[in-house]
Amino acid sequence: MKTALVNVLVFNGRQLVPDSTVVIDDGLLGVDPNGARVIDAGGRVLLPGLIDAHVHIDGPDQLAALASHGVTTALDMASVAQITAPLRGLPGRTDIRSACVPAIAPGSLHSHFPGVGQAGLISGPEEAQRFVAARIAEGADYIKIVIGSPFADHDQATIDALVAAAHEQGKLAVAHASSTGSVAKAQAAGADILTHVPTDQVLDPTAAAQMAAAGRVAVPTLTMMQAIVTNLAPPGADYANASASVAALHAAGVPILAGTDANSSTVLPANVPYGAGLHSELELLAAAGLATADLLRAATVLPAIYFGLADRGIIEPGKRADLVLLDDDPLTDIRATRSIRRIWIGGVECEPADMRK
Ligand SMILES: [Zn+2]
């Protein structure tokens with residue numbers, strides 16, 4: 001069955017293209033509206049399905065929450081493979097990728113996290129190859145390394161070996177780095193993607209320029225950084241440092257991806273909500289200085305590019321029919337991403353949640 005959305009304003013990754021027609025044909029975006037059921041979108045804004053570049057998945061209800069808030073793809077950054085494997089590739093559900101178990105230093109705060117903590121332990125560089133091979137065997141799409149966890153940390157040689165092993169196996173290395181020192185370790189090792197952002201100091205322009213020059217990407221998770229400072233008040237931590245670090249990265253030209261750290265964990269400082277959290281994250285990134293087009297890119301085309309998801313992130317023929325139709329214009333005010341009218345995931349329509357408060 002074919003559907004043609006007519007009279008839509010299509011976000012093309014930069015701006016809105018007026019009076020467009022978008023064809024949904026068997027799960028993909030097509031070109032020929034002939035024979036299609038026609039939906040007049042009434043001049044509403046059509047975005048590619050939103051991508052949350054940092055979540056933790058441990059149940060099917062979370063996929064439903066993500067979907068109903070327009071998040072059609074979610075990138076899990078630590079979970080138990082036995083739980084996430086059955087949730088992959090379900091028709092009409094949010095499509096997930098996963099790091100499975102991250103690389104965790106023995107004795108660190110993260111080693112006490114239920115499920116992943118003990119399973120992800122690695123105590124030296126000689127274990128890196130085995131660690132990465134085990135992740136790939138359980139279906140990991142990329143390798144996550146927790147750097148700078150309180151109480152104990154990997155030494156630099158272990159981080160270097162993990163990144164090298166990931167790259168040897170053709171996988172991206174994603175580094176958890178929420179302090180300036182952790183960012184330096186991640187950069188020294190050659191990690192591809194850094195998630196979280198420093199709260200201890202503002203990232204200095206030299207470090208930001210180094211990230212940009214190396215082609216590294218940032219997933220700041222400001223929602224979680226704000227929650228950590230508010231709920232735990234670690235000594236020396238200031239949310240203003242996190243927000244200013246995003247500004248420094250953006251000014252240096254580092255691609256910024258929207259990620260929330262949505263989770264249901266009992267040990268994290270906040271249970272960032274699935275789906276709704278992404279809309280809050282966009283507002284925090286706006287407050288950090290990103291323009292509205294950059295915010296939309298941060299939640300669509302950029303994560304698709306940098307995580308190698310070539311079949312999505314932009315509204316073009318041949319891509320997945322992951323679409324979000326909005327009543328209001330998010331290029332004028334980013335809060336308009338909450339005005340969701342309709343959602344399609346792989347061409348299957350989903351019921352939107354009401355976020356208009
Ligand atoms: Zn996380």
Side-chain angles (χ1 to χ4, degrees), residues 51-59 62-63 65-66 71 73-81 83-84 87 94 96-105 108-121 135 140-150 153-154 162 172-179 182-183 186 191-199 217-232 234 237 239 242 245-246 256-278 280-281 284-285 298-299 303 306-307:
I51 300 173
D52 187 334
H54 190 141
V55 301
H56 298 277
I57 298 290
D58 57 15
Q62 297 158 5
L63 297 188
L66 289 162
V71 179
T73 301
L75 306 177
D76 174 90
M77 288 297 160
S79 67
V80 176
I83 293 173
T84 47
L87 302 176
T94 295
I96 61 170
R97 299 291 183 277
S98 180
C100 302
V101 166
I104 292 171
S108 67
L109 176 67
H110 285 73
S111 74
H112 301 295
F113 285 11
V116 299
Q118 292 299 305
L121 294 184
R135 298 295 77 74
D141 299 285
Y142 34 81
I143 302 302
K144 168 93 176 289
I145 306 162
V146 177
I147 304 174
S149 181
D153 197 6
H154 306 293
L162 284 162
L172 292 168
V174 181
H176 163 119
S178 57
S179 65
S182 304
V183 169
D192 305 288
I193 296 171
L194 273 61
T195 188
H196 308 304
V197 73
T199 54
V217 173
V219 187
T221 70
L222 286 177
T223 309
M224 179 54 84
M225 305 329 286
Q226 190 177 52
I228 289 171
V229 173
T230 303
N231 298 347
L232 298 183
Y239 176 71
S245 291
V246 171
I256 307 287
L257 314 187
T260 60
D261 218 356
N263 71 86
S264 65
S265 168
T266 53
V267 297
L268 288 176
N271 289 145
V272 174
Y274 295 87
L278 187 66
S280 306
E281 181 70 18
L284 291 177
L285 291 170
Y306 291 107
F307 277 90

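Ligands are counted one by one from 1 in listed order, and the atoms in each one are counted from 1 as well. Sequential numbering from 1 along the given sequence is applied to the chain's residues.
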Using a cut-off of 2.8 Å, how many protein N, O or S atoms lie below it in distance from the Zn ion (ligand 1)? 3
Sequence neighbours excluded, the answer for side-chain contact (heavy atoms from CB on, under 4.5 Å) partners of I83 is D58, V80
For S182, side-chain contact (heavy atoms from CB on, under 4.5 Å) partners two or more places apart: I147, A177, S179
Do T223 and S280 have side-chain N/O donor and acceptor atoms under 3.5 Å apart? no
Between H196 and T221, is the side chain to side chain donor-acceptor pair (under 3.5 Å) condition met? List the steps. CA-CA 5 Å; H196 308 304; T221 70; 2.7 Å; yes
Does the side chain of H54 pick up a donor-acceptor pair with the side chain of T195 at under 3.5 Å? yes
What residues form a salt bridge (Lys or Arg N to Asp or Glu O under 4.0 Å) with D192, not counting sequence neighbours? none
